[in-house]
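So you know, we letter chains A, B, ... as the sequences are listed, proteins then strands, and number each from 1.
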Amino acid sequence: AQSVTQLDSQVPVFEEAPVELRCNYSSSVSVYLFWYVQYPNQGLQLLLKYLSGSTLVKGINGFEAEFNKSQTSFHLRKPSVHISDTAEYFCAVRGFSSGGSEKLVFGKGTKLTVNP
Amino acid sequence: DTGVSQNPRHKITKRGQNVTFRCDPISEHNRLYWYRQTLGQGPEFLTYFQNEAQLEKSRLLSDRFSAERPKGSFSTLEIQRTEQGDSAMYLCASSLGVGQYFGPGTRLTVT
């Protein structure tokens, strides 16, 4: 089974400041990792995913994330945020093994608020 | 490319009534997933289909819940005898590979 912990429920930052949203996971098998963004009253939009290969993954809207297997982390970063980045961000994990489940397991989310 | 669509977007129903939601996946996506999201929480997996076969169901999916994907295209999720605890956002996602692409959700309010 997999689980995800998003360490901060709320992160306030000023516009143009850098931001890091933290995510730790646990799993007994190898994993795929994802970050999604959810704007109010909308569904989830895939920001980026880690499947294999380079541990630094670049996504849409200037976001990137780094997979750290030894620390079981997948933190999301952006060097300079905009007001429009205000939203809720979800980290998710999926285990992969032969015949294994395809379900995503999500964290509880981090609400990012960008202030002018 | 049309994304995942869900209907209705909002549903208000009285306790004890039955409700049905529809999800239309991205065309040619063979996998379809249902999740439920309550306020302040991340989405929780309910069930998923590969083509028309329902391959996995969560323990969250009580016997009042049933999902179908009869022709391997759209899917329906029915809740019978709704309870106030069923109030949530019901999200549908589809995929062809590993990444899942979500629809806008159906918000259910049970009064």
Side-chain angles (χ1 to χ4, degrees), chain A residues 1-10 21 23-25 30-53 57 59-60 65 67 74 76 87-111, chain B residues 1-10 21 23-26 29-51 53-61 67 88-109:
Chain A
Q2 290 79 44
S3 68
V4 175
T5 303
Q6 292 186 241
L7 296 150
D8 306 293
S9 59
Q10 297 189 57
L21 306 183
C23 172
N24 285 92
Y25 70 92
S30 297
V31 295
Y32 300 126
L33 292 155
F34 308 84
W35 275 98
Y36 285 86
V37 59
Q38 186 175 37
Y39 298 101
N41 298 313
Q42 294 188 27
L44 282 77
Q45 181 181 9
L46 180 62
L47 273 179
L48 49 79
K49 59 183 182 280
Y50 172 78
L51 305 184
S52 65
V57 180
I60 61 171
F67 170 57
F74 190 55
L76 181 71
E88 190 141 27
Y89 292 78
F90 292 94
C91 181
V93 65
R94 178 192 142 181
F96 72 88
S97 58
S98 177
S101 173
E102 294 195 12
K103 70 180 180 185
L104 294 178
V105 175
F106 286 86
K108 292 189 175 183
T110 297
K111 187 167 184 180
Chain B
D1 182 23
T2 306
V4 178
S5 61
Q6 293 186 247
N7 288 288
R9 293 292 308 277
H10 303 274
F21 310 139
C23 171
D24 288 89
I26 294 170
H29 278 193
N30 61 346
R31 292 170 169 85
L32 187 148
Y33 310 80
W34 286 99
Y35 292 82
R36 180 172 69 185
Q37 185 180 22
T38 54
L39 206 59
Q41 301 295 318
E44 295 174 292
F45 171 78
L46 293 177
T47 189
Y48 97 91
F49 294 83
Q50 183 167 324
N51 300 312
Q54 189 173 20
L55 295 187
E56 187 176 356
K57 293 197 291 186
S58 162
R59 281 174 289 182
L60 290 175
L61 213 65
M89 176 81 89
Y90 290 84
L91 294 163
C92 175
S94 70
S95 78
L96 190 57
V98 174
Q100 294 180 22
Y101 297 87
F102 283 79
T106 294
R107 182 169 294 284
L108 173 66
T109 302

Query raised in the report: Are A:F34 and B:V98 close enough, and set up right, to give a side-chain contact (heavy atoms from CB on, under 4.5 Å), and what steps lead you there?
Result: CA-CA 10 Å; A:F34 308 84; B:V98 174; 3.5 Å; yes
Any side-chain heavy-atom pair of [X] and [Y] under 4.5 Å:
X: B:P43; Y: A:L104; value: no
X: A:S101; Y: B:E56; value: yes
X: B:Y35; Y: A:F106; value: yes
X: A:F90; Y: B:Q37; value: yes

Per-residue contact mode, [X] against chain B (heavy atom under 4.5 angstrom):
X: A:L51; answer: side chain
X: A:L46; answer: side chain
X: A:K49; answer: side chain

Query raised in the report: Can you tell me how far the CD atom of A:Q42 sits from the CZ atom of B:F102, to the nearest 0.5 Å?
Result: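 A:Q42 CD to B:F102 CZ: 14.0 Å, rounded to 0.5 Å.
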Report task. Check salt bridge (charged side-chain N to carboxylate O under 4.0 Å, His left out) between A:E102 and all other residues, then give those that pass, not counting sequence neighbours. Result ->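 Salt bridge (charged side-chain N to carboxylate O under 4.0 Å, His left out) list for A:E102, sorted by chain: B:R31.
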Requested in this report: Check salt bridge (charged side-chain N to carboxylate O under 4.0 Å, His left out) between B:R36 and all other residues, then give those that pass, not counting sequence neighbours.
Outcome: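 Per chain and number, B:R36 pairs via salt bridge (charged side-chain N to carboxylate O under 4.0 Å, His left out) with no residue.
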Report task. Specify which of B:Q6, B:Q100, B:M89, B:Q50 makes the most heavy-atom pairs with chain A at under 4.5 Å. Result ->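 Winner by heavy-atom pair count: B:Q100.
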Requested in this report: Flag yes if more than 12 heavy atoms outside A:I60 fall under 6.0 Å of its CD1 atom; otherwise flag no.
Outcome: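 Correct, the count exceeds 12.
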Query - Best-contacting candidate, A:Q38, A:Q6, A:K111, A:Q45, against chain B by heavy atom pairs under 4.5 angstrom - result: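 Of A:Q38, A:Q6, A:K111, A:Q45, A:Q38 has the most heavy-atom pairs under 4.5 Å with chain B.
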